[in-house]
Amino acid sequence: MTIIIFGPPGCGKGTQSILIAEKYNLKHISTGDLLRKEIEDETEFGKTVKSYIAEGKLVPDEVIIGMLMNAFEKNADQHYGIILDGFPRTTAQAEALEINLTARSKKTNILLDLQVETNELLNRLLYRGANSGRVDDNLETIKKRLQVYEEKTLPVKDFYKKLQKYAAIEGMGEIDEIFTSICNAIDAAI
C-alpha cells in the first residue's frame with residue numbers, strides 16, 4: 001500500500017503520518033526528515049540542499065526522487081507499505097513517482113489532502129519555529145513556502161483527482177477527529 005499525505009506546510013502531515021503508519025503498519029517516509037538527516041550528517045548532498053531549505057525553495061526533482069526511491073527500497077520488505085509525507089511536491093514528481101511504483105508492481109492507493117486555513121497554518125508554523133528551532137519556520141520563509149506550495153505543489157491534487165485517488169480531509173479540529181476521517185478515506189481506498 002502507498003499512501004500520500006498532502007497539504008501545505010503546517011497542516012499536520014507529520015502528526016497524522018505517525019498515527020497512520022502505526023495503525024496500518026506502514027513505513028513513514030518524510031522527505032523533510034530525509035533531507036534534514038543529510039544536513040545533520042553534513043554530507044555533500046546535505047550541504048547542497050541546506051541552502052534550498054533555508055530559502056524555502058524546493059530541492060530539484062531528480063535529487064528528491066533518487067533519495068526517496070532509495071529509502072523506499074530499504075523499507076519495502078519490513079512494512080505493509082509506505083506513507084509519503086512531503087512528496088510529491090510537483091506534478092512532475094507525481095508522474096515520476098507513479099512510473100517508479102508501476103515499475104516495482106506497486107501503486108498509490110490514495111492522496112489524503114489535509115485542508116487548513118492560511119491563518120491557522122501561519123500560527124502553527126510560527127509556534128513550531130519558536131519551539132523546535134527549525135530555521136525554515138520564520139515568518140519570511142513561511143510566506144515563501146506557502147507561495148511555493150500554491151504555485152508548484154497544489155496542482156498535484158488535480159493529478160490524483162484525475163486518477164481517482166484523492167480524498168479531501170478537513171485538517172482543522174482535534175487530532176483524533178482528523179485521524180478518524182483519514183482512516184475512513186484509507187479504508188474506502190483499499
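Remember, it's a predicted structure, so these values are computed and weren't measured experimentally. The basis for the numbers below is simple: all heavy atoms, side chains too, and nothing from hydrogens, waters or symmetry mates. In this chain, residues are counted from 1 in sequence order.
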For the residue pair [X] and [Y], what are the closest heavy atoms and their distance?
X      : Y      : result
Thr31  : Gly86  : OG1-O, 3.0 Å
Leu114 : Pro8   : O-CD, 3.7 Å
Thr91  : Pro155 : OG1-CB, 3.8 Å
Thr153 : Pro88  : CG2-O, 4.3 Å
Lys13  : Phe6   : CD-C, 3.8 Å
Ser181 : Ile169 : O-CD1, 3.9 Å

Co-membership, hydrophobic cluster, residues [X] and [Y], 4.5 Å side-chain:
X      : Y      : answer
Ile178 : Ile3   : yes
Val116 : Leu111 : no
Leu154 : Leu125 : no
Ile64  : Tyr149 : yes
Tyr80  : Ile190 : yes

| Strictly by modelled atom types, are Glu98 and Thr108 linked by a side-chain donor-acceptor pair under 3.5 Å? | yes
| message | For a quick check under 3.5 Å, do Gln115 and Asp113 share a side-chain donor-acceptor pair by atom type? | response | yes
In plain terms, say whether [X] and [Y] are close enough for a salt bridge, that is, a side-chain N and a carboxylate O under 4.0 Å apart.
X      : Y      : answer
Arg145 : Asp137 : yes
Glu120 : Arg124 : yes
Lys162 : Asp158 : no

Distance check, rounded to the nearest 0.5 Å: [X] atom [atom1] versus [Y] atom [atom2]?
X      : Y      : atom1 : atom2 : value
Leu35  : Phe87  : CG    : CZ    : 11.0 Å
Met1   : Tyr24  : CE    : OH    : 7.0 Å
Asn25  : Ile83  : CG    : CD1   : 12.5 Å
Glu117 : Asn123 : CD    : CG    : 10.5 Å
Arg128 : Asn131 : CZ    : CG    : 11.0 Å
Glu22  : His28  : CD    : NE2   : 13.0 Å

Does any non-hydrogen side-chain atom of [Y] lie less than 4.5 Å from one of [X]?
X      : Y      : result
Cys11  : Leu121 : yes
Lys107 : Thr2   : no
Ile182 : Ile186 : yes
Leu146 : Leu122 : yes

Decide if atom [atom1] of [X] counts as having more than 12 heavy atoms of other residues, nucleotides or ligands within a radius under 6.0 Å.
X      : atom1 : answer
Lys161 : NZ    : yes
Lys50  : NZ    : no
Ile175 : CD1   : no

| task | Using the side chain to side chain contact (heavy atoms under 4.5 Å, CB included) rule, take Glu38 and Thr43 through it: C-alpha gap first, then chi angles, then the decisive distance, then the call. | result | CA-CA 6 Å; Glu38 294 288 334; Thr43 66; 2.7 Å; yes
| Does Gln147 use its side chain to pair, donor to acceptor, with the backbone of Lys143 at less than 3.5 Å? | no
| remark: With Asp85 as partner, the option from Ile5, Ile4, Thr15, Ile20 fulfilling side-chain contact (heavy atoms from CB on, under 4.5 Å) is Ile5
